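This one's a predicted model, so the numbers in the text were calculated from it and none came from an experiment. Below, chains carry the letters A, B, ... as their sequence lines are ordered, and counting in each starts from 1.
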Number of protein chains: 2
Amino acid sequence: MDRNVFKIDKLPTVRRLPAYLHILRQLARCDEKFVSSAFLAEKLNIEPILVRKDFELTRVAGTPRVGYSISGLIASIEEFLGWGEDLDAILVGVGQLGASILGYRELMDFRLRILAGFDSDPEKVGTAVHGVPVFAVTRLEELLGRLRARLAILTVPSADAQNITDLLVSSGIRGIWNYTSENIVVPADVITQKEDLASGLAVLCVKMSRNMPSPL
Amino acid sequence: MDRNVFKIDKLPTVRRLPAYLHILRQLARCDEKFVSSAFLAEKLNIEPILVRKDFELTRVAGTPRVGYSISGLIASIEEFLGWGEDLDAILVGVGQLGASILGYRELMDFRLRILAGFDSDPEKVGTAVHGVPVFAVTRLEELLGRLRARLAILTVPSADAQNITDLLVSSGIRGIWNYTSENIVVPADVITQKEDLASGLAVLCVKMSRNMPSPL
DNA sequence: TATTTATCGATATTTTTTTATCGTATAGCA
DNA sequence: TGCTATACGATAAAAAAATATCGATAAATA
Ligand SMILES: NC(=O)c1ccc[n+]([C@@H]2O[C@H](COP(=O)([O-])OP(=O)(O)OC[C@H]3O[C@@H](n4cnc5c(N)ncnc54)[C@H](O)[C@@H]3O)[C@@H](O)[C@H]2O)c1
Ligand SMILES: NC(=O)c1ccc[n+]([C@@H]2O[C@H](COP(=O)([O-])OP(=O)(O)OC[C@H]3O[C@@H](n4cnc5c(N)ncnc54)[C@H](O)[C@@H]3O)[C@@H](O)[C@H]2O)c1
């Protein structure tokens, strides 16, 4: 199935890694040295055994009666995710959502560095949003030749998503973090990740309707 | 395991339902009447058989050589998710992200109606953001007594997440759509859904690092 | 030093999810 | 009407993920 070239296993584990990382960093800031699977499980509302299973991926060995080395885990998870060094990206569509992402401080935790924004609105071109310069989308190809970014955040209106995607791909972007509601089409060697708020809401709604006695 | 009171199965299916719904509505707008599992699978980059399995949940029967009734599927999925009627909600923390959600037009597709915003910033109280009135967070309990909303969208700074959660819970909120990076703690009968951007980025990063020959 | 206790980690089991197989139903068409 | 191609759907199989069991190890304590 060539559509699944980029299928990876242990995907649920990968999805949990950032959550572990977040807690581990908090602990590290409090000068904690070790943490148990039970502690992390409690925080994340999962089973301790699942935490230990996930940590097999990190190759960090825990010690009985003590737990895992926090710094060891952090280093290993960061390395696994490639979050040890800055991750250069651009953002296309500096609208409401785009601007809020540019101003999202905690994004630095993932070492994501947004080098430039691109927009079609002449009013926005030439300005800086939260310190990030905004360029005309027409200059995308030209500027991407100079920037090292291979990752793009897509926050244009859904109707423009495919057009801009095509432009991004032909300009050398290899990964697209897609916030639009469109299912964009890319060549086989380009990775996309769709951020779908609706699916989270769907889960919430189903859980609420299933287990709540009263309507909604 | 009482933490899993609200565990539901077929969760991956539930997560995909909004994506089906989105495409089905597009088709309906084009006056299409029927759709095949192969068509939807192609759009979503999944296998047709998975679409058919998912549709078992809708109890809509497809007809060979024709496919599924689009209107039937839409009605069934909406009913399943409870998206057939307006879903009243409030939003706490009318900052960058909060404001962008309030201005998110496509949110109406889920029939989510945000009745009010709440914020601690006196500058924001009394204003309207994208037509939604913003009240002081101190009036939350009082106003929730009058509003029918049982769902809250949480977009306050992460440091305030737990405090506000406690307030929401004691004010009668039963479901919290949590956009902060905190793992909030709630009583057993309250549902939370954490929207974690980091996990999407993690998946993207891992996919990119795994299958790209060149670094990043 | 022996005992107790917490916690890991190897292995096995169960559950859930995805994918495959193949018979069946139906629309279109000769 | 009978043939053919298409798409479903029941059943089975495979794969993946989560959970359980339990022995081993190391810290704390007596
Ligand atoms: N606002 C939200 O909370 C939210 C949430 C989830 C997803 N989204 C998605 O994010 C996208 C943007 O939503 P928004 O609310 O920020 O809309 P918006 O209209 O505020 O922002 C869109 C921006 O893209 C720019 N733009 C339009 N066409 C362009 C083009 N061809 N090239 C470059 N830039 C272009 C516009 O000038 C504008 O600045 C939509 O696809 C929406 O579905 C938004
Ligand atoms: N900006 C993003 O793109 C983004 C993305 C994902 C998650 N988040 C999360 O969303 C949250 C908000 O982020 P933001 O970028 O919008 O920050 P922000 O500072 O722009 O917005 C926070 C808002 O909450 C209000 N507030 C603060 N304390 C409050 C309280 N006790 N009660 C009520 N309101 C209060 C502030 O006045 C402000 O209006 C954070 O937890 C962040 O982690 C943001």
Whole-Å gap separating [atom2] ([N]) and [atom1] ([X]):
| X | N | atom1 | atom2 | result |
| --- | --- | --- | --- | --- |
| B:I70 | D:dA7 | CD1 | P | 14 Å |
| B:R59 | D:dC8 | CZ | P | 19 Å |
| B:F34 | D:dC8 | CZ | P | 12 Å |
| B:F55 | D:dA7 | CZ | C1' | 13 Å |
| A:D54 | D:dA17 | CG | P | 10 Å |
| B:E47 | D:dA16 | CD | C1' | 16 Å |
| A:E56 | D:dT19 | CD | C1' | 13 Å |
| B:L11 | C:dT18 | CG | P | 10 Å |

Considering the options [options], which one meets the side-chain contact (heavy atoms from CB on, under 4.5 Å) requirement together with [X]?
| X | options | answer |
| --- | --- | --- |
| B:V169 | B:I184, B:V186, B:I164, B:V185 | B:V186 |
| B:L147 | B:D88, B:I90, B:L140 | B:I90 |
| A:W177 | A:L112, A:T192, A:L91 | A:L112 |

### Query
Where is the tightest heavy-atom contact between A:S181 and A:S158, given as atom of each residue plus distance?
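Minimum heavy-atom separation between A:S181 and A:S158: OG-OG, 2.9 Å.
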
### Message
Taking the minimum atom-to-atom distance to the side chain of A:P12, which one of D:dA10, D:dA17, C:dA10 wins?
### Response
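Nucleotide nearest to A:P12's side chain: D:dA17.
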
### Nucleotide nearest B:K53 when distance is taken to its side chain, options D:dC8, C:dA12, D:dA12
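Comparing D:dC8, C:dA12, D:dA12 against the side chain of B:K53, the answer is D:dA12.
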
### Query
Within the structure, does a side-chain N or O atom of B:R52 lie under 4.0 Å from either OP1 or OP2 of D:dG9?
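The answer is no; no side-chain N or O of B:R52 sits under 4.0 Å from OP1 or OP2.
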
### Message
When you measure from the side chain of B:T155 to the backbone of B:V92, do you find a donor-acceptor pair of N or O atoms at a distance under 3.5 Å?
### Response
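Here the side-chain-to-backbone pair exists.
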
### Query
Do side-chain atoms of A:R111 reach the backbone of A:L87 as a donor and acceptor pair under 3.5 angstrom?
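It does not hold such a pair.
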
### Toward the 5' end of DNA chain D, by each residue's nearest nucleotide, B:S37 or A:R16
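The answer here is B:S37.
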
Report each atom pair, protein N/O against N/O of nucleotides 25-30 of chain D, whose distance is under 3.5 angstrom.
residue	atom	partner	partner atom	Å
D:dA27	N3	A:R65	NH1	3.2

### Query
Starting at the 5' end of DNA chain C, which residue's closest nucleotide do you reach first, B:L50 or A:G62?
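By nearest-heavy-atom nucleotide position, the 5'-most residue is A:G62.
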
### Criterion side chain to side chain contact (heavy atoms under 4.5 Å, CB included) on A:R25 and A:E78, from CA distance to verdict
CA-CA 11 Å; A:R25 282 169 171 161; A:E78 283 182 343; 2.7 Å; yes

### Message
Under 4.0 Å, heavy atoms only, any strand: does A:A38 hit a base, just the sugar-phosphate, or nothing?
### Response
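Answer is nothing: A:A38 stays at 4.0 Å or more from every strand.
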
